[in-house]
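Read the structure below first, then the notes.
We name chains A, B, ... by the order of the sequence lines, and we start the count at 1 in each one.
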2 protein chains.
Amino acid sequence: MARHLSIGDLARATGVKATTIRWYEAEGLLPSPARTEGGHRAYGQAHLDRLGFVRHARELGFPMPAIRELLGLADQPDRDCGAAHGVATAQIAAIDEKLERLRALRAELARVAEACRGGRAAECRILEVLADHRHGRCTDPLHAAPGAGPA
Amino acid sequence: MARHLSIGDLARATGVKATTIRWYEAEGLLPSPARTEGGHRAYGQAHLDRLGFVRHARELGFPMPAIRELLGLADQPDRDCGAAHGVATAQIAAIDEKLERLRALRAELARVAEACRGGRAAECRILEVLADHRHGRCTDPLHAAPGAGPA
DNA sequence: GATGGGACCTCCAGCGGCTAGAGGTTCAAG
DNA sequence: CTTGAACCTCTAGCCGCTGGAGGTCCCATC
């Protein structure tokens, strides 16, 4: 009898936890597998491949709707793959945005932290800067350039 | 005149939504204000300042427990501000970690996207690469684990 | 003083992407 | 046949809000 793969086997093979695998199934990223007589999930190679796909896409930060779209494309080999390219490009743009924001954040935070010379909290520049909201008024930390706003 | 500030006044002044202000109060980041006879929140300047502090700290990505700590420090001017420096430094470290992850992600994703030359999905390298999880090359530590795959 | 409509109130649910636990059942090794 | 590890379902929780339902209050205008 060809041995099926248990959920634990998939978990070990892919590094995705069993609970997460079940959750992917509930969310429709993985098809529901067959069951043993006792009700345990019984997977095959196709499931393993698909889970690998999903995991890799998640590692690359694709949100679940994007993964659903990619899966749909992978399932319909005749469709134009331009859509896949679009999904990937959008994901890159999203990452670039996050990167830029984090860099700006990092810069301001470093500036703030460096201003602290120790001593009593009453004189702490970190707390001062945080408390001073002339400094703020920006929803986006991007524009908070060191020389520009708060003199 | 201007006996008190309404929640809407605070919202307009700080750019923090009223619902979020109420939520900060529930979470203990803002003290509960006095109420009008009808039950509306009645704020003073101190609340406005405090909300500015919280908002700015959030913009810098401090998680709520860190903000609680910073607020505690700001309230006790005699304490050593080394703690504030520690909080800021930890936040910088967290950002650096995220930045590094995102950069690696971005690089791989760009590589993946570039591989696509258009055409049918069956030949799309994006989908191929996502499906093939043995392609290695990823500096992300999350990715590095499964050396002993399904043989 | 009445009225209208916007601002406010409370409570609850939901987002993404899982994760953990309770409490019960099944499988496979010895 | 007996363990006990792995599995099952279901529920709730994490962060940091956000939105909606359904009701009440405030205040400018007539």
Worksheet item: Does Glu114(A) come within less than 4.0 Å of Arg111(A), counting only side-chain N to carboxylate O?
Response: no
Give each protein N/O atom lying under 3.5 Å from an N/O atom of nucleotides 11-14 of chain C, with the pair distance.
none

Worksheet item: From Glu97(B) CD over to Leu102(B) CG, what is the distance, rounded to the nearest 0.5 angstrom?
Response: 11.5 Å
Worksheet entry | Axial bend angle, the helix from dG1(C)-dC30(D) to dG30(C)-dC1(D): five-pair end segments, nearest 10° | 10°
Practice prompt. In whole angstrom, give the distance that lies between atom CZ of Arg55(A) and atom C1' of dG17(C).
Written response: 16 Å
Worksheet entry | Contact summary for Gln45(B) and Leu5(B), nearest pair of heavy atoms | N-CD1, 4.5 Å
Worksheet entry | Rounded distance in Å - CG (Leu5(B)) to P (dC8(C)) | 11 Å
Worksheet item: Which residues pass the side-chain contact (heavy atoms from CB on, under 4.5 Å) test with Ala11(A), sequence neighbours left out?
Response: Ile21(A)
Close N/O contacts between protein and nucleotides 17-20 of chain D (under 3.5 Å):
unit_1  : atom_1 : unit_2   : atom_2 : d
dC17(D) : OP2    : Tyr24(B) : OH     : 3.1
dC17(D) : OP2    : Arg58(B) : NE     : 2.4
dT18(D) : OP2    : Thr20(B) : OG1    : 2.7
dG19(D) : OP2    : Lys17(B) : NZ     : 3.2

Worksheet item: Is there a donor-acceptor pair under 3.5 Å between the side chain of Glu25(A) and the backbone N or O of Pro31(A)?
Response: no
Practice prompt. Could you state the atom-to-atom distance from CD1 of Ile21(B) to P of dA7(C) in whole Å?
Written response: 14 Å
Worksheet entry | Residues from residues 33-45 of chain A lying under 4.0 Å of DNA chain D - heavy atoms | Arg35(A), Gly39(A), His40(A), Arg41(A)
Worksheet item: Which residues pass the side-chain contact (heavy atoms from CB on, under 4.5 Å) test with Thr19(B), sequence neighbours left out?
Response: Lys17(B), Arg22(B)
Discussion item. In whole Å, I'd like the distance from the CG atom of Leu60(A) to the C1' atom of dG17(C).
Written reply: 16 Å
